[in-house]
Every structure is written in structure tokens, then in C-alpha cells.
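Remarks on the structure that follows.
Residue numbering restarts at 1 for every chain, and letters A, B, ... go by the order of the sequence lines.
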Number of protein chains: 2
Amino acid sequence: MANIRDVADSAGVSVATVSRTLQQPERVSLKTRNRVMAAVDAVGYKPNLMAVKFRSGKTHNLVVLVPTVANVFFARVISGMQEAAAELGYSILLANTLGNPDTEAQYAKMVSTSQADGLIQLRAQIPLDDSLMNDNGLLPMVNACEVIDCGKYPVVTLDNRAAAKAMTRHLIEFGHTRIAMIKGPDSSPLTQDRLLGYKDALREANLPFNENLLFPGDFTLQAGYKAGADIAKIDEKLRPTAVFCENDETAIGTIQAFKQVGMRVPDDISVAGFDDIAFSAFCDPPLTTIAQPAEEFGRTAVTLLVDVLNGKTRKAPKVIMPFELITRQSTGPVKTM
Amino acid sequence: MANIRDVADSAGVSVATVSRTLQQPERVSLKTRNRVMAAVDAVGYKPNLMAVKFRSGKTHNLVVLVPTVANVFFARVISGMQEAAAELGYSILLANTLGNPDTEAQYAKMVSTSQADGLIQLRAQIPLDDSLMNDNGLLPMVNACEVIDCGKYPVVTLDNRAAAKAMTRHLIEFGHTRIAMIKGPDSSPLTQDRLLGYKDALREANLPFNENLLFPGDFTLQAGYKAGADIAKIDEKLRPTAVFCENDETAIGTIQAFKQVGMRVPDDISVAGFDDIAFSAFCDPPLTTIAQPAEEFGRTAVTLLVDVLNGKTRKAPKVIMPFELITRQSTGPVKTM
DNA sequence: GTGAAAGCGCTAACAC
DNA sequence: GTGTTAGCGCTTTCAC
């Protein structure tokens, strides 16, 4: 592998001149510059970026911890990140942690061991170990999507409470009074916020909150199916007439469970989701859901982190992204018996 | 940030001893070792891995070019890669290229610029530019999934032709004689192989091949919907009675199009997919499809690449992964009129 | 406008 | 068993 010395020799100049030609061409005479460029081609020189990064102390790498890339919502967030990173001259090192704290630690460590400049967490439920921190006990980090806001780090999130309230109100406006909720994992801050929004809407409509209408879930198709099957077993007089699922995968699983026992959506029961993944428009029936600007989440998180790295950010900004209620055919008026 | 010098000073030893304590402890006396470890803690030393990698010339990073992480099949492959990489002491740098040749080049370049040791392509249709190659005109690279086998690089793939033949035969056994195929992008080698398998099965059953039963697609829900709508418009006497989609997303889109015009699956028309993504089991009806060992694809690709990097691989091995025909409810006997 | 030289943090000969 | 030292490839003062 040709190095900068080879180029210098071949061009009959010093290594400093080669470096300058490549980094700050305006400081080199045109004649020399041409000679250097010719030599670069001649010896097939490719700068060793590992050396550059080592020397400069800036890696221009950003580590992203994502619970699972298989989640289609996260996939969109990541696309947005990659775009923004490319524009800003950074590369994304994606860590598919699968919720494994060891994998998380392994990748988070890349920051304290100078392999990456900063970190983005897409699920900030588990506080990172102190040993991963820099000397100041902090880390160049941004938390996005599922966020516990400790005030120390920039945050980009959705007003999940308001979104859940909007969806619940949508169901209430259709006349539903027994509205079930299929939750995400209790450890997820999202779940808490969405539950609050759900309660907000009930309270505002003077509807009772019923603990029995809360079903556990974990954002998977399987969990949705399971909860749907459980709901279907409830006696029709007591059964909820609408189900608000905390994500679209759950909703799709739930609908499938209802169909298998002959319940019609939305005629017999309404189902709503959250996220507006691509499949949601192609379900049967197409899913009423909350759209989040997923790519924008990613773009914003990266931009905030780069601001932090450049020291041009005020203390831990908090960005709230907008949401949109998408009304499709999976929700409808309550059935009149 | 404390460095190895600080540790050495604090422990009253040389930098070499610190390095040895960390790398080959058995070559350092227990007493010195303890003193060094205490100093490491005392000064809060974290080795600068950028320097280590620079020095050793091995980055232990692997770049993976994936067309889109939003494809749930690829997401599973990536999970497998990450697992295998972690076990072997490598990190995955994931490049979500979105088919953009510039992004591809940007990340592929990480190998020739010493930021990564090797490259895995999940879609090897566009040959990489010569400028990205090493001096020998090659690159430590493994091609997986969608592969053009040029014989130069290890390959891990599926016998797509055999799989497509098996699925087509499955449909033929149900009595179907007019079987449509919704293809992937023509540029994808997958599409060519699966088409060949489809033709193989027709030929074996003495059924005519009809160009008009081929529909274009690009592996998305939207494309499936579009093709489904086109098929539905065909006069019933000429209309295919079964549709073989080159992936599950396409099949799900197709089914949705059929439903919207009142066609029943599989009573009026059978639909088959390919990949066995999670949603396939939760469609209505659940999808008959070809399961691929996605995680194994990833694991194998990483293992092969690491073998290449360690120089312990014979010339460009070709690994064919097994497939499985999953029969669910979206395919059935041809309707007798 | 160009060159000489120091040094980023670490590892690995090579001495002792 | 431990220390000294020469770099890895590059950027960046500081001279000239």
C-alpha cells in the first residue's frame, strides 16, 4: 500500500507538501499541486484514514444503538440518520443490540475508546454504565425515540402522551366507551406516556378508567395476536368495542386474532395502531394509526449530536417532533346492538 | 484523557510494561501487574483503540452494504451478522445504501482507506469500481443473498432456481395451469434465477410458458398492489388462477389488491410469496412462502469473510443455504367453474 | 511556497 | 521480567 512518503518521493517534494496539497490545496502552488496529483495517481495512493483519524483525534464515526433493525419504524429512523450523517461527513456505526446489555456496552465503549466521536441511543431506558463515560462523567450522546429525559443529554422525541390522547379521543368520538389498550413493555417509557395520554382522553370524556382493559405486549405481531385472542374470549357484553395498540405490529397481530374467530374489524371491533409502518396501509382493513416523521427523527438526532461535538449547542435541547393521526378503515362507529 | 504514559508514570514502570500487562499478562510478574492495574484504575485509563488499530493495521471492522435495512429479510440477515461478528471480535459498520452508488462507494472505500478490514455486499449486482480495489485489483469481500458469482469472491446464496421451482410445482400440484409471476427488479440476479426455476417447473409439467403472465415488481408492497390490480382486471377466463410473488411484501400487496375488488384468496386465486418474513404468518390468509435461513446467511457471510482476512480460506468458496417450502392458507386447489 | 521535524498513543523488537 | 526505542502514516508548527 502506497503511503504519503511514496507520493512525496515520486513527486520530488516533501510529505508536508503532499499533505497540504490534499488538505489545503490553496496553500500550494499550482505547479507543485499538479505534480503531486500526478504522483498520487502514479503510485495509487489512498490515504490511510485510520492514521488520519488517529492523528486528528476525530473519527467522524457515530455509534447508534438500536434495539432491533428488524423494527420497520427504526429502519426508517436509521435511513434518516444515514442521510444526515453522510451530508455532515460522518459515518454511522449501527449496533443492533437486541436489547443485550453486553452488546450495548461493547458498542457504547467505542466512544470512550476513541473509535467513535458520539453516541445515539434509540432506546434510552437503561442508563449507561459509568465505566463507559468520559472523564467528566458524561458522553457526547443524544437520545431519540424512546427516551427517559434526565436533562443531561439532548433528546428528540414525540409527544407520545398527546398522540395517544388524540387517538383515544378519535375512538371516543366514534362512540366507543370500552376501549382496550395493548401496551408495549412496561420498561419502555413510551408505554407510560401513551398510557397517560389514553387516561387523559378518558378523563376528559368522563369515561371510567378500567385496569382490566389494559393488556400486556412487547411491540411484536405475536404479542398482538395473543392479546387479541384474549380480548376475543371476553363475553360480548363486557368486551371492549375498540382496541388501541401501542404500535402497528401489535395491531396487525390483534386484527389477525379477531379475524380467526370471525370478528369483523371495524364492524364488530375497532383497532388502532401507532407508527404508520408501510404494512399498515396494506392490511385488511388498512390501519388507523399515528404517523411519526421517522426519517426526521434520525436526521434531527444526528444533527443535534454533531452540534454537541462541535461545541455549538446550548445545554441539552429537547426536540419534540410532530405526529399525525391517520384515519383509515380499521376504526369506525361503535356497533349498536 | 489519560494515556499509557500516564499509567506508566503513576505505576512507576515503563510503557512497555503497561502494554504487556494489558496484552500478555503472563509475561509480567504478578506484583508489577497489580501495581499497573491499580494505576489504570487510578488514572482512569481507557486504551485509545484508534491508536491500536492504526498501529496494528487491523481495524476489526467489517463494512456491510445493504440496499435497505427496512427490508425485514435483510434485517434478519444483519442480526445474524452482528452475532457472528461479536463472537469473532469484529464490529459491523452497516451502510444502508438505498441503492445509491455514491453511498455504496463511500462505504466500500472504507476498506481501501484502512478504516475497515473487509466488505460484505448483500446485493452484488453492480460491480464495484476499480478505484475502490486494493493494489491486487481485489478486495477482502464476500457476497451474500443477491449474488452475481464472478468466481473471484466467496459467495453465500440460496438455490433460488430450485426454490422457485419447488414453489411453482406446489401450485401446479393444486391443479393450477395459469400461474402468474410477479418479478423483482430485472437487474436483480435473484429475479433471473427464480424465473428460471418457474420455467423449469412449467416445462416439467408440460405447461406452456406465457410471457403475458410475467408482471414487473420491485419487492415492495406498492409494486405488489399494482401488479395485483392489473391481474384482477384480466378477464376471468384468461386470468391466472395462481400468483407466485418473488417476495412476501409483494405477495401481501397483491392480496390486498385482490381483496379490494372482492376476489378471495385462495378460493378465487392462490398467492405465494418468498422469504417468510414475520408478517407472512399474520396476513389474512397466512402466506404460503419459501423460508430462508436469514440469520444463518449473515453468520456464514461474516465467518467466510473473517476466514479470508485470516488467509485461511481456499479460493472463493460458494455456500448454498437450504430453503423450506412453508405451506399456509394463501394457496389452494384451483377453482372449478 | 516549501521543507524539516516533532509527535499523536501504542506495540514490538531488542537489550539488559 | 523489565526498560529503551523505533516506528505505524499522517498533520502541523516552525523555519527558511
Please determine whether any donor N or O and acceptor N or O are separated by less than 3.5 Å between the side chain of A:Arg55 and the base of C:dG9.
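No pair found.
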Which residue lies more 5' along DNA chain D, comparing B:Lys31 with B:Phe54 via nearest heavy atoms:
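Here B:Lys31 is the residue nearer the 5' end.
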Using residues 17-24 of chain A as the side-chain source, report each donor-acceptor pair under 3.5 Å to any protein atom, sequence neighbours left out, with the distance given to one decimal.
from    : atom 1 : to      : atom 2 : distance (Å)
A:Thr17 : OG1    : A:Ser14 : OG     : 3.3
A:Thr21 : OG1    : A:Thr17 : O      : 2.6
A:Gln24 : OE1    : A:Arg27 : NH1    : 3.4

Atom pair OG1/CE of A:Thr59 and A:Met50 - distance to nearest 0.5 Å:
9.0 Å
Using atom [atom1] of [X] as one end and atom [atom2] of [N] as the other, report the distance to the nearest whole Å.
| X | N | atom1 | atom2 | result |
| --- | --- | --- | --- | --- |
| A:Leu30 | C:dT2 | CG | C1' | 16 Å |
| B:Gln23 | C:dG9 | CD | C1' | 12 Å |
| B:Arg27 | C:dA13 | CZ | P | 10 Å |
| B:Met50 | C:dC8 | CE | C1' | 12 Å |
| A:Ile4 | C:dT2 | CD1 | C1' | 14 Å |

Mind checking A:Ser29 for me? I need base, sugar-phosphate or nothing, with any heavy atom below 4.0 Å counting as a touch.
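Sugar-phosphate contact only.
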Degree of bending, the helix from C:dG1-D:dC16 to C:dC16-D:dG1 (end axes from five pairs; round to 10°):
40°
Within a reach of under 6.0 Å around NZ of A:Lys109, are more than 12 heavy atoms found that belong to other residues, nucleotides or ligands?
no
For a quick check under 3.5 Å, do A:Thr300 and A:Thr303 share a side-chain donor-acceptor pair by atom type?
no
Ignoring hydrogens and angles, state whether a donor on the side chain of B:Glu146 or B:Ser188 is under 3.5 Å from an acceptor on the partner side chain.
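Checked: B:Glu146/B:Ser188 side chains pair up, N/O donor to acceptor below 3.5 Å.
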In residues 105-113 of chain A, what residues come within less than 4.0 Å of DNA chain D, judged by heavy atoms?
none
Taking [X] for the side chain and [Y] for the main chain, is one N or O donor matched with an acceptor at less than 3.5 Å?
| X | Y | result |
| --- | --- | --- |
| A:Glu104 | A:Thr97 | no |
| A:Thr157 | A:Ile320 | no |
| A:Gln115 | A:Val63 | no |

Output side-chain donor-acceptor pairs under 3.5 Å for residues 2-13 of chain A, partner residues at least two apart or in another chain, one line each.
from   : atom 1 : to     : atom 2 : distance (Å)
A:Asn3 : OD1    : A:Arg5 : N      : 3.0
A:Asn3 : OD1    : A:Asp6 : N      : 3.1
A:Asp6 : OD2    : A:Asn3 : N      : 3.0

Residues which pass salt bridge (charged side-chain N to carboxylate O under 4.0 Å, His left out) with A:Lys58, listed by chain and number, not counting sequence neighbours:
none
OP1 or OP2 of C:dT11 under 4.0 Å from side-chain N/O of B:Ser19
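Yes.
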Classify the angle between the aromatic ring planes of B:Tyr90 and B:His60 as parallel (below 30°), tilted (30 to 60°) or perpendicular (above 60°).
parallel
Between A:Val15 and A:Glu26, which has a closest nucleotide on DNA chain C that is more 5'?
A:Glu26
Hey, which of these two, B:Arg20 or B:Ala51, hits DNA chain C nearer its 5' end, going by closest nucleotide?
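The residue closer to the strand's 5' end, by nearest nucleotide, is B:Ala51.
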DNA chain D: 5'-most and 3'-most nucleotides touching chain B, 4.0 angstrom heavy-atom criterion:
D:dG1 to D:dG9
